[in-house]
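Numbering of residues begins at 1 and proceeds along the displayed sequence. Everything numeric in this text was worked out from a predicted model, so none of it was measured. Both counts, for ligands and for their atoms, begin at 1 and track the order of listing.
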Amino acid sequence: MADPVEPALVEIENLSKHFGEGETRVDALRGVSLQVFPGQIVGLLGASGSGKTTLLNCVGCILEPNGGRMTLDGDVVYDDRWLRSDLRRLRLEKVGFIFQFHNLLPFLNCADNVGLVLQLAGFGAAAARARAIELLDYFEVGRHKDRMPAQLSGGEAQRVAIARALANRPRIILADEPTASLDSHRAGIVMDLLRKIAVEQHAAIIAVTHDEKIFGRFDEVFHLRDGQLDADAAGGRRFEPTDMQTSARHDRAEC
Ligand SMILES: Nc1ncnc2c1ncn2[C@@H]1O[C@H](COP(=O)(O)OP(=O)(O)OP(=O)(O)O)[C@@H](O)[C@H]1O
Ligand SMILES: [Mg+2]
């Protein structure tokens, strides 16, 4: 018998967000509903200004929505207002961000860029550095641990940024154009890494993209137009796990 499908890690219902008021008001999200399940990588597509980054920032608890409901990893965090007072901790524990232009801190070397996140999460300095180096090795940029971000290629910097986003083993990973600055070979490597993380950490990944090279790599694709999801995507859909995800679940159950 097939495993019961696990509950969604990200569940939003009828979420809205506007900026400004009166004549200058922009309705960036208008009643968006979707669900993302463990092990799933979903793509978020849409023209410039359609609300993609706003949606990621709401899910990542960086922007407060103006209405609707949002549940992260089973906890209702927003229901017409923030219900959690510890949003910073929630972000540190549950959410990893990968930004379009990697956003590495220019004045810290690679190991410290990754280690800082771990220290914020409570690791001591030595343990944070050791885990940071382990992660950089995993993403095959360990040899650059003492380099500054400006001394890396675009693809290397993006892998350091991914190592940083994943340092805390977040279950919810939000990526804004993770492959935008990369050629198709390197974009493929990044997507392979995200797939591995989704399967191994049982994470839910939402990735904004304009990049046609990677459209085929998503389990599901949502289209935003003027702050609304296309009718066929609204309301969220059940996710059927792929064979690989099902076997990863069995592996975990066995350990
Ligand atoms: N802080 C802000 N203040 C006012 N308006 C904003 C703000 N952030 C976004 N907007 C507006 O909200 C709308 C959605 O913006 P958003 O950044 O989410 O678009 P996007 O889909 O990510 O676009 P792009 O593909 O260009 O990154 C746009 O009209 C934008 O101008
Ligand atoms: Mg954007």
Side-chain angles (χ1 to χ4, degrees), residues 10-36 40-70 72 77-78 80-82 87-88 91 95-105 149 154-155 157-158 161-162 164-166 170 172-184 186-187 190-191 194 204-236:
V10 176
E11 186 157 17
I12 63 179
E13 290 168 45
N14 210 20
L15 209 72
S16 61
K17 173 69 189 171
H18 64 258
F19 297 102
E21 293 295 345
E23 284 186 6
T24 59
R25 173 169 163 148
V26 176
D27 284 292
L29 297 177
R30 299 185 292 151
V32 172
S33 300
L34 62 79
Q35 293 174 304
V36 192
Q40 192 180 21
I41 306 185
V42 305
L44 197 55
L45 270 54
S48 182
S50 58
K52 305 179 299 294
T53 298
T54 304
L55 180 55
L56 284 195
N57 286 340
C58 287
V59 174
C61 304
I62 285 176
L63 273 181
E64 178 166 3
N66 297 110
R69 184 179 157 93
M70 181 164 81
L72 299 181
V77 294
Y78 183 86
D80 281 326
R81 64 189 165 87
W82 287 128
L87 290 171
R88 187 170 163 273
R91 274 200 302 273
V95 183
F97 273 101
I98 303 167
F99 298 96
Q100 179 173 5
F101 299 110
H102 64 69
N103 278 27
L104 295 173
L105 295 170
Q158 191 61 307
I162 292 174
R164 184 183 60 177
L166 304 179
I172 297 166
I173 296 161
L174 306 172
D176 205 344
E177 304 253 11
T179 61
S181 53
L182 308 179
D183 61 35
S184 56
R186 291 188 198 293
V190 166
M191 291 308 293
L194 292 180
I205 303 183
I206 306 178
V208 166
T209 190
H210 288 108
D211 189 348
E212 291 185 20
K213 300 188 290 288
I214 62 169
F215 282 2
R217 310 288 291 263
F218 296 110
D219 298 309
E220 197 167 348
V221 171
F222 292 95
H223 288 259
L224 263 176
R225 278 183 232 278
D226 292 333
Q228 287 184 303
L229 285 184
D230 273 0
D232 64 332

S.K.: Return yes when at least one protein heavy atom is under 4.0 Å from atom 14 (C) of ligand 1, and no when none is.
M.R.: yes
S.K.: Under 2.8 Å from the Mg ion (ligand 2), can any N, O or S atom of Ser48 be found?
M.R.: no
S.K.: To which protein heavy atom is atom 17 (O) of ligand 1 closest, and what is the distance rounded to 0.1 Å?
M.R.: Thr53 CB, 3.8 Å
S.K.: By number and element, which atoms of ligand 1 are closer than 4.0 Å to a non-hydrogen atom of Ser50?
M.R.: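 Under 4.0 Å from Ser50, ligand 1 has these atoms: 19 (O), 21 (O).
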S.K.: Are any of the side-chain heavy atoms of Tyr78 and Ile12 separated by less than 4.5 Å?
M.R.: no
S.K.: Where do Leu44 and Leu55 come nearest, in terms of heavy atoms and distance?
M.R.: CD2-CD2, 3.7 Å
S.K.: Do the side chain of Arg164 and the main chain of Asn103 share a donor and acceptor less than 3.5 angstrom apart?
M.R.: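 Judged by distance alone, yes, a pair lies under 3.5 Å.
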S.K.: Quick one: look up the protein heavy atom nearest atom 26 (O) of ligand 1 and list residue, atom name and how far away it is.
M.R.: Ser48 OG, 2.5 Å
S.K.: Taking NZ, NE, NH1 and NH2 as the nitrogens, is one of them in Arg225 or Asp230 under 4.0 Å from a carboxylate oxygen of the other?
M.R.: yes
S.K.: For atom 28 (C) of ligand 1, find the nearest protein heavy atom and state the residue, atom name and distance (0.1 Å precision).
M.R.: Gly49 O, 3.7 Å
S.K.: What protein heavy atom is closest to atom 25 (O) of ligand 1, reported as residue, atom name and distance in Å?
M.R.: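 Minimum-distance protein heavy atom for atom 25 (O) of ligand 1 reads Lys52 NZ, 2.7 Å.
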S.K.: Any atoms of ligand 1 less than 4.0 Å from a non-hydrogen atom of Gly51? List them with their elements.
M.R.: 14 (C), 18 (O), 19 (O), 20 (P), 21 (O)
S.K.: Distance-only, no hydrogens or angles: does the Lys52 side chain make a donor-acceptor pair with backbone N or O of Ala207 under 3.5 Å?
M.R.: no
S.K.: His210 heavy atoms, cut-off 4.0 Å: which ligand 1 atoms fall inside?
M.R.: 25 (O)
S.K.: Minimum heavy-atom separation for Leu29 and Gly51, please, with both atom names.
M.R.: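 Scanning both residues completely, I find the closest heavy atoms to be CD2-O, 3.5 Å.
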S.K.: In the protein, what heavy atom is nearest to atom 18 (O) of ligand 1, and what distance, to one decimal place, separates them?
M.R.: Thr54 OG1, 2.6 Å
S.K.: Specify whether the nearest protein heavy atom to atom 31 (O) of ligand 1 is under 4.0 angstrom away.
M.R.: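 Protein heavy atom within 4.0 Å of atom 31 (O) of ligand 1: absent.
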S.K.: Tell me whether the count of non-hydrogen atoms from other residues, nucleotides or ligands lying under 6.0 Å of CZ in Arg25 goes above 12.
M.R.: yes
S.K.: Tell me the protein heavy atom at minimum distance from atom 29 (O) of ligand 1, and give that distance in Å.
M.R.: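 Sorting protein heavy atoms by distance from atom 29 (O) of ligand 1 puts Val26 CG1, 3.5 Å first.
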S.K.: Can you tell me the protein heavy atom closest to atom 9 (C) of ligand 1 and the distance?
M.R.: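 Here the nearest protein heavy atom works out to Phe19 CE1, 3.4 Å.
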S.K.: Any idea which heavy atoms bring Ser33 and Leu229 closest together, and the distance?
M.R.: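 Closest heavy-atom pair between Ser33 and Leu229: O-CD1, 3.3 Å.
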S.K.: In this structure, does ligand 1 have an atom that sits under 4.0 Å from one of the heavy atoms of Ala47?
M.R.: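 Yes.
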S.K.: Determine the interplanar angle of the Phe99 and Phe97 rings, folded into 0 to 90°, and report it as parallel if under 30°, tilted if 30 to 60°, perpendicular if over 60°.
M.R.: parallel
